[in-house]
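For clarity, every value in this text was computed on a predicted model and none was experimentally measured. First the proteins, then the strands, lettered A, B, ... as listed; each starts at 1.
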2 protein chains.
Amino acid sequence: MERTLTAKGTATRERIVAGAAARIREHGVAATTLDDIRERTATSKSQLFHYFPGGREELLLAVARFEADRVLADQQPQLGALTSWEAWEGWREKVLARYRAQGRACPLGGLLTQVGRATPGAQAVVAELMARWEAELAAGVVAMQRGGFVDTGLDAAREAAALLAGLQGGVLMLITTGRLTYLQAALDVGLERLRRAGGERPVP
Amino acid sequence: MERTLTAKGTATRERIVAGAAARIREHGVAATTLDDIRERTATSKSQLFHYFPGGREELLLAVARFEADRVLADQQPQLGALTSWEAWEGWREKVLARYRAQGRACPLGGLLTQVGRATPGAQAVVAELMARWEAELAAGVVAMQRGGFVDTGLDAAREAAALLAGLQGGVLMLITTGRLTYLQAALDVGLERLRRAGGERPVP
DNA sequence: CGGGGAATGGACCTGTGGGTCCAGTCCGTG
DNA sequence: CACGGACTGGACCCACAGGTCCATTCCCCG
């Protein structure tokens, strides 16, 4: 990307990304212009294009990556070690807390529709996020199966996919309706399902 | 809204909405200007503002309503009478078929983020859609409980919420990853759960 | 300490696209 | 049939936001 970046340059670049992310979280992507970002981050137009030669699109993509990292980071350390029911419960709490706090805003969603889901860059960011997320969940299910807490007859990959879908949908419903009940119902039903499959044979 | 609309006027208005919807489905909201719509629907600028005095925003909102109606219509007649496992299976098929065909595009989603989720109009459209959707699902669960096919110990509202969340998330994952597996997993796991609760007492 | 590339400031350009306006045509109705 | 309001055509306006450019300053490195 950038040929050379001094320590000062790196700091400025990070300041821009963080400032842009904050601004977008507050006002949405569509209502955020380069001038808004410039003002908020105390930079000039030329700096924006110096660090993001691709202009607005490249900057938004960087913000998207920034936000994507936060999503997973906010679920740690539980998400990385779903090896007990306590960990799963803790993870559930973290997810609920995060989205309860976030409310109806959707940093990533708006960002990516703005950049255009078609562009390979946007694809990559979200695809990687979801892949990592799903992998962590699947690993958690497998771990629980190994520990004898979840029936080994269940397809871990399928369970993780369904759980992630429920979670995503719950967040989406929170955004559209403002109510947390969907996310709660999806998570609880999902966990209930895993728990229930702990001691009995799966239905054929 | 409009004071008087002759038959001709109504037809023109509908032509505009349908044309705009088609255009947006193909190219996305952001990449659709009033001039594009004007050209596609063989109308003039003044007509657009004649039928939608609120300008672009009002037009997009009308398109959103149009698309929202299609969403539910495409799931009929099954969604309206989820009174047997056959109906549920048929519904599942319709949903999968619809979104398989739709692919990664998301007519409503993009539309509403463009209008701005904050605006009361956008809120209303999506809230009504989701409410109707959820109500139909909940009614289906209750009907199955009445028929003795599903355990009456389940909270129908909660089951409907979880199912809808899974469905929405499945669609979202389809959009972001291009794979249908999530939607499939979410629907199947959800139905499996209802079926499994058919003959046994629920776990406390 | 001086040369050069990175970093910064800010004026300026420009295409785009939503929105306005008025003149002209159609058509139902008394 | 004429009158008024609905309907249509298209030229025009203009604010805005993304992007360009160049002059200037800073700071690392030899």
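Among residue pairs with one or both ends in residues 101-111 of chain A, none qualify as salt bridge (Lys or Arg N to Asp or Glu O under 4.0 Å); sequence neighbours excluded. Within the structure, every pair that satisfies the side chain to side chain donor-acceptor pair (under 3.5 Å) test and touches residues 155-166 of chain B, not counting sequence neighbours, is listed here: Glu192(A)-Arg158(B), Glu159(B)-Arg193(B). For residues 105-114 of chain A, the set of pairs meeting the salt bridge (Lys or Arg N to Asp or Glu O under 4.0 Å) definition, not counting sequence neighbours, is empty. Within the structure, no pair that satisfies the side chain to side chain donor-acceptor pair (under 3.5 Å) test touches residues 135-145 of chain B, not counting sequence neighbours. Listed by first and then second residue, the salt bridge (Lys or Arg N to Asp or Glu O under 4.0 Å) pairs that reach into residues 118-129 of chain A are Glu128(A)-Arg132(A), sequence neighbours excluded.
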Could you write out each protein N or O paired with an N or O of nucleotides 13-22 of chain C at a distance under 3.5 Å?
unit_1  : atom_1 : unit_2   : atom_2 : d
dG18(C) : OP1    : Arg56(B) : NH1    : 3.0
dG18(C) : OP2    : Leu34(B) : N      : 2.8
dG19(C) : OP2    : Arg56(B) : N      : 3.0
dG19(C) : N7     : Lys45(B) : NZ     : 3.1
dG19(C) : O6     : Lys45(B) : NZ     : 2.7

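Relative to the axis of its first five pairs, the axis of the last five pairs of the helix from dC1(C)-dG30(D) to dG30(C)-dC1(D) sits at 10°, rounded to 10 degrees.
Rounded to a whole Å, the NE2 atom of His50(B) is 4 Å from the P atom of dC7(D). If you measure from atom CD of Gln47(B) to atom P of dG5(D), you get 20 Å, rounded to the nearest angstrom.
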Quiz item: Just by protein heavy atoms under 4.0 Å, how would nucleotides 23-30 of chain D read 5' to 3' in B, S and -?
Solution: ---SS---
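Contacts of Glu134(A) classified as side-chain hydrogen bond (donor to acceptor under 3.5 Å, both in side chains), with partners at least two apart in sequence or in another chain: Tyr182(B). Remark: Glu26(B) pairs with Arg40(B) by the side-chain hydrogen bond (donor to acceptor under 3.5 Å, both in side chains) rule, at least two apart or across chains. Not counting sequence neighbours, the partners of Gln78(B) by the side-chain hydrogen bond (donor to acceptor under 3.5 Å, both in side chains) test are Lys94(B).
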Distance-only donor-acceptor pairs under 3.5 Å for side chains of residues 161-178 of chain A, two or more places apart:
unit_1    : atom_1 : unit_2    : atom_2 : d
Thr176(A) : OG1    : Leu172(A) : O      : 3.2
Thr176(A) : OG1    : Met173(A) : O      : 3.2
Thr177(A) : OG1    : Met173(A) : O      : 2.7
Thr177(A) : OG1    : Arg179(A) : N      : 3.1

